[in-house]
2 protein chains.
Amino acid sequence: MPAQTAAREVERLGLPPGSPLVPAEHAGRRVMAKFFRAIGDPTRLLLLEFLLDGERTVSECIEQVGLSQSRVSSHLACLADCGFVTARRDGRFTRYQVTDPRVVHLISLARALTADNAAALAACVRIDT
Amino acid sequence: MPAQTAAREVERLGLPPGSPLVPAEHAGRRVMAKFFRAIGDPTRLLLLEFLLDGERTVSECIEQVGLSQSRVSSHLACLADCGFVTARRDGRFTRYQVTDPRVVHLISLARALTADNAAALAACVRIDT
DNA sequence: ACCATACATCCGGATATGCGGATATAACTA
DNA sequence: TAGTTATATCCGCATATCCGGATGTATGGT
């Protein structure tokens with residue numbers, strides 16, 4: 001496997017060559033890490049899937065995942081803050097939904113990568129659960 | 001923003017329509033969550049960037065990130081287990097490197113998404129740091 | 001005004017994760 | 001063989017994250 005794998009993909013994607021993919025400053029990396037941790041939870045992934053097909057209220061989400069109201073509300077706020085879903089106030093309701101197609105793309109890439117490496121991933125003890 | 005954002009992107013990406021993006025079984029979601037948490041740490045993101053351009057030994061990585069040998073070794077093993085980098089034994093050395101172009105694609109998508117939402121992301125208190 | 005509904009936030013407890021130091025293993029070298 | 005180097009693993013401590021219950025806030029209905 002050649003060393004230029006990364007450079008080639010950067011080229012293929014039409015990205016500016018030579019510029020870092022991961023932020024060079026510590027603060028920027030902390031933000032990107034936070035972004036990934038937001039979808040690094042099984043419950044939030046389930047909610048994300050549920051919010052792909054259209055708007056859903058918090059109550060509908062609660063029924064879907066079977067956790068407490070406070071927890072589900074917090075998970076949804078987290079997904080919204082981190083840009084995975086959009087929140088819309090509608091009277092007493094808040095309707096959440098995935099609106100950015102790049103979120104779909106991101107998850108589909110992760111799906112493919114995890115599928116190709118499921119065994120080692122499941123066995124990795126440095127991250128629990 | 002229409003409700004079919006997700007379906008449209010699935011179509012555009014040539015993915016099988018109707019099949020879930022996120023695994024339907026809890027075990028599968030746990031694995032995908034683990035995958036994202038692996039890159040949900042600033043140090044591992046820094047290492048990932050460092051490993052884009054070619055093979056690096058553990059010692060070189062230690063110098064790059066400035067953390068203890070045990071910690072860096074553990075971070076690298078985590079990235080390898082989760083499929084972000086490849087590890088190759090070479091005598092006394094272990095050489096790590098990003099070899100899968102999809103990793104580059106994934107990070108570039110995250111870069112774009114976080115850039116468009118940096119303020120809210122930084123302000124999200126449900127995930128600390 | 002009063003109450004019910006829908007949601008958001010606060011709190012303390014349990015588990016997960018990051019950290020460095022100590023130790024173990026494995027490969028070269030003299 | 002003995003010693004050095006490179007890396008991996010184990011340990012306890014500190015912090016982060018998930019959880020449900022309690023409480024706060026806003027909207028709509030009577």
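The chains referred to below are lettered A, B, ... by the order of the sequence lines, with proteins before strands, and numbering in each begins at 1. This one's a predicted model, so the numbers in the text were calculated from it and none came from an experiment.
Comparing C/dC28, C/dA6, D/dT7 by their nearest atom to the side chain of B/S73 picks out D/dT7. Side-chain atoms of B/D128 lie closest to D/dT17 of the nucleotides C/dG20, C/dT5, D/dT17. Side-chain proximity of A/L67 to the nucleotides C/dC7, D/dG20, C/dG20 is greatest for D/dG20. Comparing D/dT7, D/dT5, D/dG20 by their nearest atom to the side chain of B/V58 picks out D/dT7.
For the pair A/R71 CZ and C/dC11 P, the interatomic distance rounds to 14 Å; values are reported in whole Å. To the nearest angstrom, P of D/dA6 lies 15 Å from CG of B/L76. Separating the CG atom of B/D81 from the P atom of D/dA8 is a distance of 11 Å, rounded to the nearest angstrom. Atoms CZ (A/R56) and P (C/dA6) sit 16 Å apart, rounded to a whole Å. One atom, CD of B/E60, and another, C1' of D/dT7, lie 14 Å apart when rounded to the nearest Å. When rounded to the nearest whole Å, the span between CZ of A/R37 and C1' of D/dT17 equals 9 Å. Rounded to whole Å, atom P of C/dA16 lies 13 Å from atom CG of A/D41. Residue A/D90 contributes atom CG, which lies 14 Å from atom C1' of C/dT5 at whole-angstrom precision.
Not one side-chain nitrogen or oxygen of A/Y96 sits closer than 4.0 Å to the OP1 or OP2 atom of C/dA6. Distances shorter than 4.0 Å separate some side-chain N or O of B/R126 from OP1 or OP2 on C/dT9. Contact between the side-chain N/O atoms of A/T43 and the OP1/OP2 oxygens of D/dC19 is found at a separation under 4.0 Å.
Looking at heavy atoms from C-beta onward, B/T94 lies out of side-chain contact with B/R88 at the 4.5 angstrom threshold.
A distance of 9.5 Å separates CD of A/E60 from CG of A/L51, quoted to the nearest 0.5 Å. Atom CG in B/L67 sits 11.0 Å away from atom CD in B/Q64 (nearest 0.5 Å).
Note on B/I127: only backbone sugar-phosphate atoms sit closer than 4.0 angstrom, heavy atoms only; bases stay farther off. Using a 4.0 Å heavy-atom distance criterion, B/S59 is classed as a sugar-phosphate-only contact. Base contact: B/S70 has a heavy atom under 4.0 Å from a base atom. Residue-level contact check: B/T94 touches the backbone only, with heavy atoms under 4.0 Å from sugar-phosphate atoms and none from bases.
Nearest-nucleotide positions on DNA chain D for A/R44 and A/G91 put A/R44 closer to the 5' end. Each of A/G40 and A/R89 lies near DNA chain D, and the nucleotide nearest A/G40 is the one positioned closer to the 5' end. Place A/A77 and A/F93 on DNA chain C by their nearest nucleotides, and A/F93 ends up nearer the 5' end. Between B/H75 and B/Q69, the one whose closest nucleotide on DNA chain C sits nearer the 5' end is B/H75.
Note: A/H105 and B/H105 have perpendicular aromatic rings, judged against thresholds of 30 and 60 degrees for the angle between ring planes.
Electrostatic pairing of A/D116 and B/R102 counts as a salt bridge here, judged by a charged N lying under 4.0 Å from a carboxylate O.
Side-chain contact of B/T99 with A/T5: a donor-acceptor pair under 3.5 Å is absent, judged by distance alone.
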